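Chain identifiers are assigned alphabetically (A, B, ...) following the order of the sequence lines, protein sequences preceding nucleic acid strands; residue numbering begins at 1 within each chain. Being a predicted model, the structure only gives us computed values, none of them experimental. The basis for the numbers below is simple: all heavy atoms, side chains too, and nothing from hydrogens, waters or symmetry mates.
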Protein chains: 2
Amino acid sequence: MTPTSQRIEIGSVLLAQPQHLSAEQILAEVRRHGLRVSKATIYNTLNLFVRQGLVREVNVDPTRTFYDSTTHPHHHFFNADTGELIDIPPNSVVFEQMPVLPEGTVQDRVDVVIRLRNES
Amino acid sequence: MTPTSQRIEIGSVLLAQPQHLSAEQILAEVRRHGLRVSKATIYNTLNLFVRQGLVREVNVDPTRTFYDSTTHPHHHFFNADTGELIDIPPNSVVFEQMPVLPEGTVQDRVDVVIRLRNES
DNA sequence: CTGTGTGCAAAGCTTTTGCACTACT
DNA sequence: AGTAGTGCAAAAGCTTTGCACACAG
């Protein structure tokens, strides 16, 4: 986990604020800052960050993976019309009842995605 | 929406029982039944079925889309160790509180995914 | 000089598109 | 013959892999 210039820059871009970025957006941003970097390095670095627990992957849109700089448990709104992903404030989703887990398994985490459309 | 042999066979395979299949699995199954069909037709047909409301897409694993023959609202367990997707019985997930939606949007649907791991 | 670990070109996926073709009218 | 709609080869796009290279010990 050597802190190379690519890794530092990718980390700075994504972790600057709570946000959800695709690999493509991160690549564009890092290049805009003047660093020469390939798409493969973006992916490799993001996967590394995910394994290290620095960022979280969010899968809602099958066409692209979002990387989320907020790692503590929280949920998402996904606007199907705009492709926008918005954090749901913690504690605004509360469960009254949860199912029994299948035999031999333990719970890893719970993802709630509320899909939205723009009001006609 | 002409009922061609390809469409009938794909429909039979997927809708035979409540299940979650990937495009790859459906292709294999349809071919095992002796029908000559391309992957593109599988995708085109499944997308058509989704638009018609016959099946639902489920996105949990970024590497593949699952097609779910159960269309009424329900949630899923996803076993991250096995890649297995299991229906959660309806009514076993109950919300006590839900967030206010962003301005100008309406709710489409809510997806809850409980990620599991095998017990060590 | 050796070994660990990086960054990227090329390869490997899944999924979509464009077009020849079919089957009704 | 015209037209609406199908099925698939080829293309597109996202992600991973394999390898040349760099740097620390």
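- At a threshold of 4.0 angstrom between heavy atoms, the contacts of B/Thr45 with the nucleic acid are absent.
- In this structure, B/Ile42 and B/Ile10 have side chains that are in contact, with non-hydrogen atoms separated by less than 4.5 Å.
- In plain terms, the two heavy atoms of B/Leu46 and B/Leu14 that are nearest each other are CD2-CD2, 3.9 Å.
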Q. After noting the C-alpha distance and the side-chain angles of A/Asp81 and A/Arg115, does the key distance pass the salt bridge (Lys or Arg N to Asp or Glu O under 4.0 Å) rule?
A. CA-CA 10 Å; A/Asp81 285 332; A/Arg115 282 170 194 268; over 6 Å; no
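- Between B/Thr63 and B/Lys39, the residue anchored nearer the 5' end of DNA chain D, judged by the nucleotide with its closest heavy atom, is B/Lys39.
- Whole-Å rounding puts the B/Leu27 CG to C/dT16 P distance at 15 Å.
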Write out a two-atom table: protein N or O, nucleotide N or O from nucleotides 3-6 of chain D, distance below 3.5 Å.
residue	atom	partner	partner atom	Å
D/dT6	OP1	B/Met1	N	3.2
D/dT6	OP1	B/Thr2	N	3.2
D/dT6	OP1	B/Arg7	NH1	2.5
D/dT6	OP1	B/Arg7	NH2	3.1
D/dT6	O5'	B/Arg7	NH2	3.0

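- Atom C1' of nucleotide D/dG7 and atom CG of B/Leu46 are separated by 14 Å, given to the nearest angstrom.
- Using a 4.0 Å heavy-atom criterion, one finds that B/Asn47 contacts the sugar-phosphate atoms exclusively.
- Remark: A/Arg7 engages no residue in a salt bridge (Lys or Arg N to Asp or Glu O under 4.0 Å) (not counting sequence neighbours).
- Straight-line distance from the CZ atom of A/Arg51 to the C1' atom of C/dT6: 13 Å, rounded to whole Å.
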Q | A/Phe66/A/Gln25 under side chain to side chain contact (heavy atoms under 4.5 Å, CB included): CA gap, chis, key distance, verdict | A | CA-CA 10 Å; A/Phe66 282 104; A/Gln25 291 173 309; 4.3 Å; yes
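- The distance from atom CZ of A/Phe49 to atom P of C/dG7 is 10 Å, rounded to the nearest whole Å.
- Spacing between atom CD of B/Glu9 and atom C1' of D/dG7 amounts to 16 Å, rounded to whole angstrom units.
- Look at CD1 on A/Ile10: it is 12 Å from P on C/dT6, rounded to the nearest Å.
- Looking at B/Asn118 and B/Asn79, their side chains do bring a donor and an acceptor atom within 3.5 Å of each other.
- Rounded to whole Å, the distance from CG on A/Asp61 to P on C/dT14 is 18 Å.
- The nearest whole Å value for the distance from the CD atom in B/Gln25 to the C1' atom in C/dT14 is 14 Å.
- Checking B/His74 against B/Asp68 by side-chain atom types alone, a donor-acceptor pair falls below 3.5 Å.
- Expressed to the nearest 0.5 Å, how far OG1 of B/Thr70 lies from NE2 of B/His72 amounts to 5.5 Å.
- At a non-hydrogen distance threshold of 4.0 Å, A/Arg36, A/Val37, A/Ser38 from residues 29-38 of chain A come into contact with DNA chain C.
- No side-chain donor from either of A/His75 and A/Asp111 sits under 3.5 Å from a side-chain acceptor of the other.
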